[in-house]
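Numbers restart at 1 for each chain; the letters A, B, ... are given by sequence-line order, proteins then strands.
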Amino acid sequence: MGRYTFIITEKPDAAKRIAYALDSESRPTQKYENRMPYYTVRRDREIIVVPALGHLYTVAAHRKGRDHYPLFDYTWTPRYMAERKAAGTRAWVEAITRLAENADIFIDACDYDIEGSLIGYTILKYACGGKESTAKRMKYSTLTNEDLENSYAQLLPQLDFGLIEAGLARHEVDWLYGINLTRALTTAAKNHTHKYVTLSTGRVQGPTLKFIVTREKKIQTFVPTPYWKITVHLDIDGQVIEAEYEKPAIETKKEALTVVEACKGKDAVVETVQIRQFQQPPPAPFDLGALQAEAYRLFHYSPSRTSSIAQHLYLDALISYPRTSSQKLPPSIDYRAILKNLGTMPKYNELARDLLSRSHLRPREGGKQDPAHPAIYPTGNAPDAKLISSDFSLWDLIIKRFLAVFGEPATKQSIQATININQQRFYLKDIRTLEEGWTRFYKPYVHAQETKLPEMIEGQTFKVKELALKDKFTQPPARYNPSSLLRRMERQNIGTKATRAETIQTLYSRKYIQNERMAPTDLGFEVAGILEAYCPAVASVSLTRELEERMSKIQTGNEKKKSVLEEATGILKPVMLELQQNEQMIGEQLGAAIIRTQKEQNTIAECPICRQGKLMVIYSRKTGKRFVGCTNYFERKCSASAPIPQQGGIAATRRSCVTCGWPIVRIFRRGRRPWQMCLNPMCPSKRKRE
Amino acid sequence: MNNQECAVCDRMAVKKGYCSVHAKAFDSIILKYEYWRKALDVTWKEYLREIAENSLTGEWARQVAEHLARTEAEK
């Protein structure tokens with residue numbers, strides 16, 4: 001093989017797309033080097049398109065071993081040398097090195113963002129023998145043939161070193177925080193309990209956990225206060241309509257009773273009717289955070305699931321690059337071409353035709369910008385094969401939102417009628433849509449609750465059908481769910497759009513939080529408490545945000561990586577000293593919390609036999625096998641027990657079997673769909689099935 | 001009971017005989033009594049019983065309310 005062009009991509013799927021787009025006959029040859037697939041593309045010159053597997057290089061300590069800290073000396077090294085789980089990437093690195101030997105032009109075609117730029121840079125630098133300074137860059141926002149072809153024709157003359165520097169700084173700062181704090185907590189717990197449990201924390205994880213713990217403290221110390229609400233049911237032309245007292249919360253029972261007494265037996269008179277028209281503008285196009293929030297609201301997908309589905313859709317060239325914070329749709333994406341392509345699909349034909357018939361297309365845009373990519377939009381391509389339900393739902397949502405942003409504002413009318421009952425005022429409210437506008441394009445995802453008030457004129461009198469005095473209590477603040485926590489992280493500017501969902505997932509996997517409505521476990525409380533007590537700087541939201549802002553400035557050349565790293569190290573050094581000095585006390589606190597959390601997580605439910613003990617997962621000392629037994633067994637008060645599968649995770653569902661009343665548990669096994677079972681081995685429902 | 005221990009749990013007492021979390025719940029109980037008194041004209045004892053039985057009361061606040069009610073009864 002003679003000299004050729006070497007293109008590095010982020011993932012195998014992207015390599016395939018790029019190879020097909022650049023081959024003059026759309027028939028690249030797939031080959032293998034060291035079992036790594038790559039593509040040979042024929043054009044004016046030979047090109048090979050080589051995939052990475054995400055990051056192939058990582059930050060690692062100079063010093064080997066897992067028990068010592070603090071660590072401030074590090075180097076960039078192949079992942080297979082630093083992480084046991086990444087052993088498989090060795091073959092890829094070696095294959096890339098061999099393929100790079102005979103190449104004379106190098107192109108980085110990884111995603112155009114911090115992570116993508118860093119992946120390409122480290123491979124070109126370390127695996128390709130220092131080609132990062134001469135390599136060119138492909139910049140694209142979709143994996144469609146046209147976009148890739150254009151991107152190849154207009155190569156950027158060099159890598160984006162602003163993004164790369166920002167990426168290097170982010171990884172190095174995160175490594176310094178992550179490795180040192182995690183080792184401090186893990187070592188403290190291990191020295192006390194003599195058991196190894198990874199207790200991770202980091203620059204973003206610490207403040208995120210703090211949000212949840214702070215909210216939980218408010219909930220657990222909450223004392224409700226009473227208030228009263230008065231409503232009347234009015235008979236308006238045979239239709240019963242509910243009106244609310246002018247004060248939404250009456251603070252004393254005495255006042256509430258006075259109002260009720262005054263209204264008893266009296267008629268209602270329409271005092272005023274106020275009608276107001278207003279316009280509801282179309283929504284902004286999706287950035288990743290808004291897509292995650294909408295997908296959670298509509299489909300209940302967690303942010304990490306939405307990210308992962310959006311990534312599939314992007315790799316299938318169905319949508320543009322999803323990890324964007326932009327709410328802009330520049331005309332260069334060619335609105336009409338996308339709409340024409342969408343119009344070829346029966347489902348979108350009518351809506352696309354409507355927009356195409358307009359002489360001028362201008363999308364509503366939001367304020368957020370991203371220098372690297374536009375907002376998320378559909379490419380207009382149809383899927384090659386039928387999409388699975390979750391992929392289809394998200395794709396449809398992205399298409400509908402894209403169509404909606406070109407719609408005209410919806411015209412709505414609000415009506416507020418003031419009703420007077422013996423000098424006591426009540427309100428009747430109604431909102432109705434007069435012109436659908438953009439909402440027509442966003443069905444069925446529009447959230448509009450409309451009531452139809454009958455026509456009313458001032459001075460009109462109605463009969464009061466019912467007068468209701470309701471006892472109410474103030475509510476505690478709501479727990480975070482994955483979507484609201486992500487929004488909070490976004491608002492506070494901690495983490496990046498690409499890593500926030502992953503950070504939330506880590507809090508679950510470390511057993512710091514539990515349930516969809518997030519509540520910290522004992523361990524989560526303890527870790528947050530330790531961070532607050534011994535290293536408040538690390539858990540501080542403002543400090544994290546400040547560091548985040550400085551790292552963002554590296555991207556635009558307004559900040560130096562070296563000074564950010566110096567500042568981060570300066571914060572960390574005294575923190576590590578404090579943690580080391582208090583290691584024993586921290587170990588005691590964490591050890592007790594680990595035991596409490598494990599006990600809590602092994603507890604299934606109240607025992608259905610003795611109603612006093614708790615059913616728990618117990619491991620037999622004799623056989624090592626596990627089963628569920630009552631905690632009262634050891635006091636010889638109850639012998640309730642049940643067999644459970646020996647493999648997989650087991651979780652309580654807080655539900656009871658409808659047949660026998662025993663608890664129902666959920667079993668998770670790798671590679672299998674989770675299933676639920678009644679714990680009672682003698683449950684009649686099981687016998688029926690047999 | 002150790003003098004250092006919280007009146008409700010086994011954590012270290014930091015304020016008024018309570019650990020940090022139960023002390024916060026205690027403050028919340030004291031603060032809200034004024035609202036309850038105005039709203040329903042309840043006595044301190046009745047208030048403690050009401051909030052201990054209310055499902056919206058946080059777990060730590062409920063524990064402190066129960067502890068205070070017990071202490072009152074013992075007096």
Item to check | A:Tyr480 six-ring centre to A:Arg517 NZ/CZ under 6.0 Å and within 45° of normal | outcome: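 No - A:Arg517 does not lie over the ring of A:Tyr480 by the 6.0 Å and 45° rule.
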
Checklist entry - Given the options B:Asn54, B:Val64, B:Leu56, which has more heavy-atom pairs under 4.5 Å with chain A than any of the others? => result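 Top count of heavy-atom pairs under 4.5 Å with chain A: B:Leu56.
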
Checklist entry - In terms of heavy-atom contacts, does NZ of A:Lys210 have more than 12 from other residues, nucleotides or ligands at under 6.0 Å? => result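 Enclosed: over 12 neighbouring heavy atoms sit under 6.0 Å from NZ of A:Lys210.
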
Checklist entry - Counting heavy atoms not belonging to B:Tyr35, are there more than 12 under 6.0 Å from its OH? => result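 No, OH of B:Tyr35 has 12 or fewer neighbouring heavy atoms, counting only those of other groups under 6.0 Å.
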
Next on the checklist: Quick check on A:Pro476 against chain B: is it the side chain, the backbone, both or neither that has a heavy atom closer than 4.5 Å?
Outcome noted: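 Only the side chain of A:Pro476 comes within 4.5 Å of chain B.
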
Checklist entry - With a 4.5 angstrom heavy-atom cut-off, which part of A:Phe525 approaches chain B: side chain, backbone, both or neither? => result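 Side chain only.
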
Item to check | Interatomic distance, A:Lys195 atom NZ to A:Ile595 atom CD1 [nearest 0.5 angstrom] | outcome: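 It comes to 7.0 Å.
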
Next on the checklist: With rounding to the nearest 0.5 angstrom, report the CG to OG1 distance, A:Leu615 to A:Thr631.
Outcome noted: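 Here the rounded value is 8.0 Å.
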
Item to check | side chain to side chain contact (heavy atoms under 4.5 Å, CB included) assessment of A:Gln205 paired with A:Leu209 | outcome: CA-CA 6 Å; A:Gln205 223 186 92; A:Leu209 179 62; over 6 Å; no

Item to check | Inter-chain contacts: residues 248-262 of chain A against chain B, heavy atoms under 4.5 Å | outcome: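 Against chain B, the residues of residues 248-262 of chain A that fall inside the cut-off (heavy atoms, under 4.5 Å) are A:Glu251, A:Thr252, A:Lys253.
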
Checklist entry - Among all residues two or more places apart in sequence or in another chain, which pass the ring pair (Phe, Tyr, Trp, His ring centres under 6.0 Å) test with A:Phe473? => result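 For A:Phe473, the residues satisfying ring pair (Phe, Tyr, Trp, His ring centres under 6.0 Å) (neighbours in sequence not counted) are B:Trp36.
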
Next on the checklist: Before you tell me yes or no, could you show the steps for B:His22 and B:Gln63 under side-chain hydrogen bond (donor to acceptor under 3.5 Å, both in side chains), namely the whole-Å CA-CA distance, both residues' side-chain angles and the distance that decides it to 0.1 Å?
Outcome noted: CA-CA 8 Å; B:His22 286 112; B:Gln63 288 166 349; 2.6 Å; yes

Next on the checklist: I need the contact set between residues 24-33 of chain B and chain A: heavy-atom distance under 4.5 Å, sorted by residue number.
Outcome noted: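 When heavy atoms of chain A are the reference, residues 24-33 of chain B contributes B:Lys24, B:Ala25, B:Ser28, B:Ile29, B:Lys32 within the under-4.5 Å range.
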
Next on the checklist: Looking at B:Glu5 and B:Arg11, is there a salt bridge between them, counting it only when a charged N and a carboxylate O are closer than 4.0 Å?
Outcome noted: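 No salt bridge links B:Arg11 with B:Glu5.
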
Checklist entry - Do NZ/NE/NH1/NH2 and the carboxylate oxygens of A:Lys614 and A:Glu606 come within less than 4.0 Å? => result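 Here A:Lys614 does not pair with A:Glu606 in a salt bridge, since their nearest N and O are not under 4.0 Å apart.
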
Item to check | Residues which pass salt bridge (charged side-chain N to carboxylate O under 4.0 Å, His left out) with A:Arg425, listed by chain and number, not counting sequence neighbours | outcome: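 Per chain and number, A:Arg425 pairs via salt bridge (charged side-chain N to carboxylate O under 4.0 Å, His left out) with A:Glu271.
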
